[in-house]
Number of protein chains: 2
Amino acid sequence: MNPTPETHPTPTQPSQTRDALLDAAEALFVEHGLEGASLRAITQRAGANLAAVNYHFGSKEGLVRAVFHRRLGPLQAERLRLLDEEEALDGGTLEGVLRAFIGPALRMKAASNAGPGDVSQLIGRIFHEPNDELRTMLFAEFAPSLQRFLPALQRLLPELSREELLWRFHFGVGAMSQTLSCGSMLERFSEGRCSMANPEEVLDRLVRFFVAGLRSPASDPGPTVHS
Amino acid sequence: MNPTPETHPTPTQPSQTRDALLDAAEALFVEHGLEGASLRAITQRAGANLAAVNYHFGSKEGLVRAVFHRRLGPLQAERLRLLDEEEALDGGTLEGVLRAFIGPALRMKAASNAGPGDVSQLIGRIFHEPNDELRTMLFAEFAPSLQRFLPALQRLLPELSREELLWRFHFGVGAMSQTLSCGSMLERFSEGRCSMANPEEVLDRLVRFFVAGLRSPASDPGPTVHS
DNA sequence: GTCTATATAGCGATAGAC
DNA sequence: GTCTATCGCTATATAGAC
C-alpha cells in the first residue's frame, strides 16, 4: 500500500486485462486476505503482467477499492430499488423495508458462494481491519442507502427517538452482518441443523428477529440505575 | 507464520520477557493487525531481542494464540460465574442469563479502551480472517461457555425448537459482536448521539433487543412460501 | 536465556524498452 | 498497454557466540 490516493488514467473504461485483474484480485482477497494476496499472485492468475496493476489502478490499494466498488454499487442500487417498490405500496411496512435492506445482501452472499467464494466475509473483514482509510471508503459506499432507509424506518416507528432507533438498527445490522460473515460458523456449530443454503428462509428468520427488536418496548427516557 | 503448530518449551511458566512480549504484541496487534505487527516491532516495544519470540512461543502464530488465550480465559470464567449466580436465583430469568453472557464482554471492551486499545475489535477481526486455524482456535475458547449458556436459554424458552433457538442466538450474538467490534462506527455515524462510554447503559439496550428477538412469535414449522 | 548476525524469501513499486 | 528487470525494503526464522 503506497501513499498514492489518486485514481488512475483509465478508471472506468473497459479493458480485458482490467476485468481479469479485478476477478483474480477478488478471488484471492477472499481466499488469502488483502495482505495475503500478493500482486504477483493476482497478476499471474489474471494472466497479466506484474506491472499491469500499477498501470490500471495506480497501486494495490487502488485495486482493492475498485474490487469493492464493483460489488457494492449494484448491491446498494438493488436495495434502493426494492425500497422504492415497498414504499410505493401504501407507504410500506416495517417488515417490507427490512426485507429490502437485508434481502439483496443475503442473495449476494448466496450467489457469491457459488462463484468466487464468500465476498460477504471479505467485506466484513474490512470493517474489522485497522486500516482506517479502507473502512472509511467502504462506509462511504453504504452511507447513501442508510440515508434512505433510516428515515423510512423512523417514519414507521415514530414512537422511537432517533437515538433509540440508531441503537436498534445498529444491533439489527449486527445480526445481519454476523449471518453474512460468519454464517458458516453457525452451520458448523449446529452440526448442519441450521443451513444458509436457502437465502429466503434465512431472510424470514432474520427479519422476524429484527422486527421484534425494533418493536421492543421503549424505555428510552431514564436509563436504568444499577447496583 | 510457520508450519510449527507445537507449543514451546516454556508454555505457562512466568517470565518477565514473556509477559512483556505478550503486552507489546497485544498492543501492536490492535493497532496494526496481526500481519501488520512485525516481530521486529513487537520485540523492540517489549525491550526484548528479535529472537526472543521464537524462543518463548516457537513462532509468530504461537505468540498470537498466547495473546488471545490470556484475554479470553478470564472472560469466559466471568461469564460462567455470573451464570451460576443467576441460575441460583430460582432458576434465573432470560434477561439475567443474557446479561451474564453479554455484560462481561462489554465491560472488557470498556476497560480495554482505556488500556492497550480495543481488544474486542481485534477478536472480531480474527473471526473474519481467512486463516482457518486461528478461527478454530478462537472458537474453541468460546465453545465451553456456549455449552452452558445454550441449555440455559433452551430451558427458559421451551417453546423454541433447538434449531430456532440457535438461529436467534446467532442473531443476538451478531448484535453483540457488532457493538463490541464496530461500536465506534455507530458513535461516528450518530454524530455522538449514541455513545459506548457507559457499558451498563449499552448492556440494557442490547439485552432488551436480544430478549425481544428471542421471544418473537415462533413460526417454526412450515417455512413461508415465497413469490 | 539473551544476544548479534545473517540466511532466505517475499513484497510493492518503477524505469525504460518495445 | 504490455513487457523485463530490478530497486529498495521488510519479513520470519535460525545459527552460533556469550
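So that the names make sense, note that chain A is the first sequence line, chain B the second, and so on, each numbered from 1.
The NE2 atom of B:H32 sits 11 Å away from the P atom of D:dA11 (whole-angstrom rounding). In this structure, B:R18 places its CZ atom 12 Å from P of C:dT2, rounding to the nearest Å. Separating the CD atom of A:Q44 from the P atom of D:dT2 is a distance of 17 Å, rounded to the nearest angstrom. In this entry the distance linking CD of B:E61 with P of D:dA11 reads 18 Å, nearest Å. Between the C1' atom of C:dC3 and the NE2 atom of B:H56 lies a distance of 13 Å, rounded to the nearest Å. For the pair A:N54 CG and D:dG1 C1', the computed distance is 14 Å after rounding to whole Å. Spacing between atom CZ of A:F57 and atom P of C:dA13 amounts to 13 Å, rounded to whole angstrom units.
Taking the six-membered ring for Trp and the full ring otherwise, the centers of A:F101 and A:F169 sit less than 6.0 Å from each other.
Side-chain contact between A:I102 and A:T179: absent, with no pair of heavy atoms (C-beta onward) separated by less than 4.5 Å. In this structure the side chain of A:E26 never reaches within 4.5 angstrom of the side chain of A:F68, judged on heavy atoms. No side-chain heavy atom of A:Q178 sits under 4.5 Å from any side-chain heavy atom of B:F127.
Checking D:dG1, C:dA13, C:dG1 against every side-chain atom of A:Y55, the shortest atom distance belongs to D:dG1.
Checking the phosphate oxygens (OP1, OP2) of C:dG1, no side-chain nitrogen or oxygen of B:T17 falls inside 4.0 Å.
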Output one line per pair: protein atom, nucleotide atom from nucleotides 5-11 of chain C, and distance, for all N/O pairs under 3.5 Å.
unit_1 : atom_1 : unit_2 : atom_2 : d
C:dC11 : OP1    : A:S38  : OG     : 2.8

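Side chains of B:Q76 and B:S145: a donor-acceptor N/O pair is present below 3.5 angstrom, by distance only.
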Quiz prompt | Stepwise side chain to side chain donor-acceptor pair (under 3.5 Å) test for B:Q121 and A:H128 | solution = CA-CA 6 Å; B:Q121 186 181 350; A:H128 291 79; over 6 Å; no
